[in-house]
Amino acid sequence: MESAAVEQLARNAEAVFGFSGYAFMWTMAMTGMRPGELYGLTRGYCYPNWPGIDPRADPDEEERYEEDAERYGKGEGLMPAIRVERQVQHVEGELQFLPPQYDSYRTLVVLVFLAEMLDKLLASHESDWVFPAVKGGVWGRSTSTSITGA
């Protein structure tokens, strides 16, 4: 897809959802993340926070994530990245966190322009969701502010 087409989609989303919509479209286009993965992306798994405040990290298994801290994050010589650790989906009428489709847990290095956009987006709101809906909830359900299993 040409960048001009992505930019037009992003601007259309911005007209409806604000800057969150704009950043959502660029993140989808540049990472290939599925909608449910983007809907469920929270601050802890997104640049500039991940892996510095990795929600996966278990104090008893600290060495398990040392490689992430040496490779990814915000700072000199580190690569900006997003961690795909889950998605949100409707299960029996409730929005729930589930593993990513096909158990496709992964780390996605993002381009500098997208890292800067995500940093700006997170600085612009207080929601735990990276891409908050218009009313502050998760995009998977625009009026909801919580998820089962969160």
Output field: ring centroids Trp129/Tyr39 closer than 6.0 Å | no
Carboxylate-amine/guanidinium proximity below 4.0 Å for Arg83 and Asp68 | no
Side chains of Leu95 and Gln89 in contact at under 4.5 Å (non-hydrogen atoms) | no
If Ile, Leu, Val, Met, Phe, Trp and Tyr residues are connected whenever their side-chain heavy atoms lie under 4.5 Å apart, and connections chain through other members, are Phe97 and Ile53 in the same group?
-> no
Cluster check Met30, Tyr47: I/L/V/M/F/W/Y, side chain < 4.5 angstrom | no
Just checking, is any N or O donor in the side chain of Ser127 or Arg43 under 3.5 Å from an acceptor N or O on the other one?
-> no
Is any side-chain heavy atom of Leu38 closer than 4.5 Å to a side-chain heavy atom of Thr27?
-> yes
Taking all non-hydrogen atoms of both residues into account, name the closest pair between Ala115 and Pro80 and its distance.
-> CB-CB, 3.6 Å
What are the two closest non-hydrogen atoms of Tyr72 and Ala81, and how far apart are they?
-> CD2-CB, 3.7 Å
Phe131 vs Phe17 side-chain heavy atoms within contact, under 4.5 Å | no
List the atom of Leu121, the atom of Val130, and the distance in Å for their closest heavy-atom pair.
-> CD2-O, 3.2 Å
Can Arg71 and Glu67 be counted as an ion pair, charged N to O under 4.0 angstrom?
-> yes
May I ask you to decide if Leu9's main-chain N or O and Arg11's side chain share a donor-acceptor pair within less than 3.5 Å?
-> no
For the residue pair Ile82 and Trp50, establish whether any side-chain heavy-atom pair is separated by less than 4.5 Å.
-> no
Are Leu78 and Leu114 connected, step by step, through hydrophobic side chains (Ile, Leu, Val, Met, Phe, Trp, Tyr) whose heavy atoms are closer than 4.5 Å?
-> no
Would you find a donor on one side and an acceptor on the other, under 3.5 Å apart, between the side chain of His90 and the backbone of Gln96?
-> no
Identify the heavy atoms of His125 and Pro132 that sit nearest to each other, and give their distance.
-> NE2-CD, 3.5 Å
Identify, with sequence neighbours excluded, every residue that meets salt bridge (Lys or Arg N to Asp or Glu O under 4.0 Å) alongside Glu14.
-> none
Are Val6 and Val112 linked, directly or through other ILVMFWY residues, by side chains that come within less than 4.5 angstrom of each other?
-> no
CG of Leu118 to CZ of Phe113, rounded to nearest 0.5 Å, is 9.5 Å
Under a single-linkage definition using a 4.5 Å side-chain heavy-atom cutoff for Ile, Leu, Val, Met, Phe, Trp and Tyr, are Leu41 and Leu111 assigned to the same hydrophobic cluster?
-> yes
When every non-hydrogen atom of Ala13 is compared with those of Met25, the smallest separation belongs to CB-CG, 3.7 Å
Give the intermediate values and the outcome of side-chain contact (heavy atoms from CB on, under 4.5 Å) for residues Arg86 and Tyr45.
-> CA-CA 10 Å; Arg86 59 192 179 189; Tyr45 292 115; 3.8 Å; yes
Please determine which of Arg34, Glu37, Gln87 meets the side-chain hydrogen bond (donor to acceptor under 3.5 Å, both in side chains) test together with Gln101.
-> Arg34
Can you spot which of Val84, Val110, Val109 makes a side-chain contact (heavy atoms from CB on, under 4.5 Å) with Thr31?
-> Val110
Sequence-distant partners of Tyr102, ring pair (Phe, Tyr, Trp, His ring centres under 6.0 Å), two or more places apart = none
Ala23 versus Met117, closest heavy-atom pair with distance | CA-SD, 3.6 Å
